Amino acid sequence: MEQQQEALVPVGNPDGSDINYSGSDYVSRMRNLLFRRMLVGIKDGRFFLGAFHCIDKQGNIILQDAVEYRSTRRSSPSPMEQRCLGLILIPSSCRTSCHVDCSIEEQLSLLSLNQ
Amino acid sequence: MDERRAAAAAMDRHDHPRPSSIPSGDGSVWADVSPLLEAACADLQEGELIHGDNFNLFAAMSALEIMDPKMDSGMVSRYYSVDEAIENGAAPVPISFDKTVDVQCTIDIMDHLLACEATWHKGHSLAQTVFSCIYLLRPERTSSHALLHSYCRIIRATCKAVVSVVSDARTHEEEDLFTMAYGLPLIGEDEKCLSMLNAVEETIARQLRACKAPLLGRKVIEDLEPLQNNPALEEGYCKAILCRLRFRKHFYHVLMCLKRPQGRGLQLARKHISSCLSELELIRKSTEVLQSNNNETHNCGEDKTTASGCRPVGFDASINTRLSAPTPPRSIKILSWSEAIDYFVKLLHDLDTICSFSLDASLEGILQFMTLLIQDGKLYGRDPIFAVIIKAAGLPEILRNHDIQNGECLVQLVQLVINLLKILSTNAAWQRRKLGKILQDWRVIHIQLELALRQEIGEESGLSADQNGRRDILRQILVWVEEQTFWIASRFLMLGFELELYSPSEYCMVYWYIYVVLVKLAERMHHKLSFTNATAKSKGKKKKGSTKDMSRDIQMPASVLFLQPYICLAEGLTMMLAALRNERMLSQSPSPFNSDHERFIQHFELLQKAGVPDHISYQSFEESTKNVRFSTLVMYNYFKDAQRMAKEVKNSFPNDPERQSELRRIEQVAEHNSVALTVLCRLGSLDSSLKVSFDFSHHPYFATAVVKRS
């Protein structure tokens with residue numbers, strides 16, 4: 001437990017200023033997505049919709065007030081069942097997709113990343 | 001990495017619904033952020049997190065981890081939903097178009113449901129046991145299959161009745177899985193489900209007669225179709241189904257009878273219980289026939305959950321795991337077929353014991369039985385608790401309506417008695433914890449009663465007959481409360497053995513405490529009974545100090561005598577263990593972690609806090625055991641006395657088989673320990689190769705010493 005906590009505590013820059021995290025543009029853009037509605041799909045076909053709460057280097061995501069969506073049939077499209085789960089951790093190993101609720105303009109700027 | 005993403009994207013395209021089926025916000029879209037996410041993660045430093053100001057690492061630790069089989073109950077296993085399972089043919093109706101196979105499969109379903117039901121009773125969730133049956137989950141689907149339909153209906157109704165009985169008794173805890181039935185079609189179909197079952201039973205009974213008819217040379221009933229196609233198997237199958245249906249019917253009747261108010265259905269319940277038992281025997285016997293008809297080779301051996309040994313159609317335990325929230329998913333092992341039958345036989349015998357219990361017994365009798373039925377705050381819904389207390393306290397029956405019962409502290413006492421009864425009907429671990437806690441409450445009541453009594457005595461000037469009566473009632477109830485408190489304490493201590501809470505090095509202090517408590521208990525009991533005898537003899541004539549006179553009476557009441565061998569045994573064990581400890585003959589070394597004193601506090605803190613008994617502490621334990629040696633024990637053998645007393649007391653309970661066998665156990669422990677003590681006294685200090693250990697082979701709470709030469 002102790003060790004785990006140490007590993008997860010955010011580390012500051014070597015110069016000692018805690019406020020400046022990694023200066024990367026990607027990281028700051030990702031940070032802008034905090035508290036936004038995020039939809040994460042996982043291997044077994046379920047989706048989780050919740051407020052983006054946290055992500056670590058390994059890509060494990062924590063969502064707040066998450067709702068689980070699961071289809072009632074293997075063949076899509078099919079009606080979805082849902083239930084509330086609260087705070088969840090989605091390990092990167094089972095994540096298959098990740099979307100954020102945003103305006104069209106924003107989507108374009110996110111797409112520009114790929115170029 | 002790219003491969004993985006490509007594969008994931010492919011899965012997203014082909015196998016999974018697009019996120020578009022989940023609505024985004026107004027005027028917004030779902031934008032894929034996976035590339036940004038990966039880029040950002042690559043840029044993050046080791047151990048760095050992206051999070052907001054409200055992030056709390058400790059809270060984040062409690063997040064539910066998706067795809068962890070121990071936390072995520074929603075993991076998709078075989079089927080996405082019940083409907084999908086049905087579409088995939090997991091639970092066909094009819095089960096087979098071959099009528100013989102259909103009947104075979106129906107019997108397997110019945111059998112597996114019985115095993116599931118027993119597993120549920122043992123404490124697993126309803127959703128993962130009985131309702132792992134897909135047929136049960138969709139009541140309307142089976143309506144064309146009269147046999148299966150009627151069986152499913154009675155199962156649902158039975159489950160509902162059981163849940164309601166357990167909920168009403170309020171002996172369960174909030175987190176108990178047993179009563180959770182969210183989202184399950186638990187339909188109570190009382191009248192109709194029985195009439196339907198009867199109709200099906202009638203048909204099959206006729207089919208059975210019809211298949212026997214040609215043999216007996218009677219006229220064949222023309223208009224009746226046989227149950228299935230193979231005439232050679234017809235009789236066996238008809239019989240197998242009949243006993244299964246009849247068992248369900250009688251079991252349902254048993255439940256309904258037990259639910260009747262004021263125990264009015266108990267006699268009838270016993271009749272149904274005996275019918276249940278005989279049907280169960282028939283069910284057990286049918287195993288042979290069904291097994292021999294089973295053509296499948298893959299018998300599941302000992303783990304089989306059906307009489308035939310075939311795996312039943314239409315069950316999926318994972319389909320409902322989401323319904324068993326808020327508990328994490330658990331893996332469940334369904335009881336085997338023979339275990340299930342044995343369980344029901346035992347259950348029915350237990351129910352029969354409860355039903356045969358006389359409703360006129362004294363409170364002590366009930367405490368022993370640990371059965372109870374409290375309805376509307378009355379014992380068996382009939383006797384007000386105050387009247388029960390009056391009787392238990394040995395006061396004359398006429399006082400049951402005395403207005404003293406409206407006093408605050410007696411109202412509380414009534415509540416305490418009800419709580420005690422409820423606690424006694426729970427499992428050992430829970431019971432012990434609660435008993436430890438309520439000791440405080442009994443102590444508080446005791447103090448309040450004492451104050452009330454002192455007040456009464458203070459107002460003694462101008463004493464009216466009525467006031468005099470109040471004083472006697474209070475005094476007598478006070479003694480009874482003390483007695484009860486010590487009884488609770490002794491039960492608390494003894495349950496520790498059942499729960500294996502004591503280590504052998506602690507037996508000495510435990511038996512010492514038991515001894516102290518039992519002595520007090522016997523004292524109070526004697527005190528109470530001598531008052532009762534006094535009132536009985538003087539018929540209301542009261543003189544001061546009458547109770548004192550009686551306590552000098554040589555004739556001891558049987559219930560007090562019953563305690564004597566226990567007291568001797570506890571004292572003897574304390575002394576023997578103390579001598580072993582003092583002469584360093586116990587094989588185990590003292591615990592490296594905490595001292596005897598600390599362990600004394602750990603075990604008896606609740607008793608000490610409640611002052612049960614007063615002025616008892618670790619020091620008094622130390623005082624009474626530190627000088628014990630075998631050389632002193634030679635003088636007096638406690639176990640011989642215990643053995644003799646147990647033998648004598650037996651005569652006081654000639655018609656009580658329970659107590660007889662209990663006393664026999666006590667006698668055996670005493671006899672064995674007596675021999676062990678003699679050996680130890682003679683050889684102990686001389687022969688260092690003697691090893692002593694203790695086991696509970698003769699009595700659950702009183703240890704037997706085993707002396708061996710190593």
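In what follows, every heavy atom counts, from backbone to side chain, and hydrogens, waters and symmetry copies are set aside. Here is the naming used below: chain letters follow the sequence lines, and residue numbers restart at 1 for every chain. Quantities reported herein were computed from a predicted structural model and do not represent experimental measurements.
Annotation for A:Y26 and B:A39: closest pair CD1-CB, 3.4 Å, computed over non-hydrogen atoms. When all heavy atoms of B:Y79 and A:R70 are compared, the pair lying nearest together is O-NH2, 4.0 Å.
Although no hydrogens or angles enter the test, the distance criterion places a donor-acceptor pair under 3.5 Å between the side chain of A:K57 and the main chain of B:A42.
The contact between A:Q64 and chain B is made entirely by side chain atoms (from C-beta outward), counting heavy-atom distances below 4.5 Å. Proximity to chain B involves both the backbone and the side chain of A:I55, based on heavy atoms less than 4.5 angstrom apart. For chain B, no part of A:L63 is nearby; none of its heavy atoms comes within less than 4.5 Å.
With chain A as the partner, the residue from B:N54, B:V82, B:N88 showing the most heavy-atom pairs under 4.5 Å is B:N54.
Using a 4.5 Å heavy-atom threshold, the side chains of B:I22 and A:Q82 count as separate. No side-chain heavy atom of B:V29 sits less than 4.5 Å from a side-chain heavy atom of A:D101. The shortest distance between side-chain heavy atoms of A:Q58 and B:C41 does not fall below 4.5 Å. Residues B:W30 and A:L49 form a side-chain contact, since some pair of their non-hydrogen atoms from C-beta on lies under 4.5 Å apart.
The CD1 atom of B:I66 sits 4.0 Å away from atom CD1 of A:I88, with the distance rounded to the nearest 0.5 Å. In this structure, SG in A:C54 is found 11.0 Å from CG in B:N56, a value given to the nearest 0.5 Å. Separation of atoms CZ (A:R95) and CE (B:M67) is listed at 14.0 Å; rounding is to 0.5 Å. Note that the OG atom of B:S28 and the CD atom of A:E105 stand 10.5 Å from one another [nearest 0.5 Å]. Atoms CE and CG, on B:M61 and A:L87 in that order, are 12.0 Å from each other to the nearest 0.5 Å. Note that the CG atom of B:L37 and the CZ atom of A:F52 stand 6.5 Å from one another [nearest 0.5 Å].
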Step-by-step salt bridge (charged side-chain N to carboxylate O under 4.0 Å, His left out) determination, A:R46 to B:D72: CA-CA 12 Å; A:R46 284 179 291 165; B:D72 184 6; 2.6 Å; yes
Test log, rule side chain to side chain contact (heavy atoms under 4.5 Å, CB included), inputs A:R29 and B:L36: CA-CA 8 Å; A:R29 282 170 70 184; B:L36 171 62; 4.2 Å; yes
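Of the residues listed (A:L33, A:N32, A:L34), the one engaging B:I50 in a side-chain contact (heavy atoms from CB on, under 4.5 Å) is A:L34, and it is the only one.
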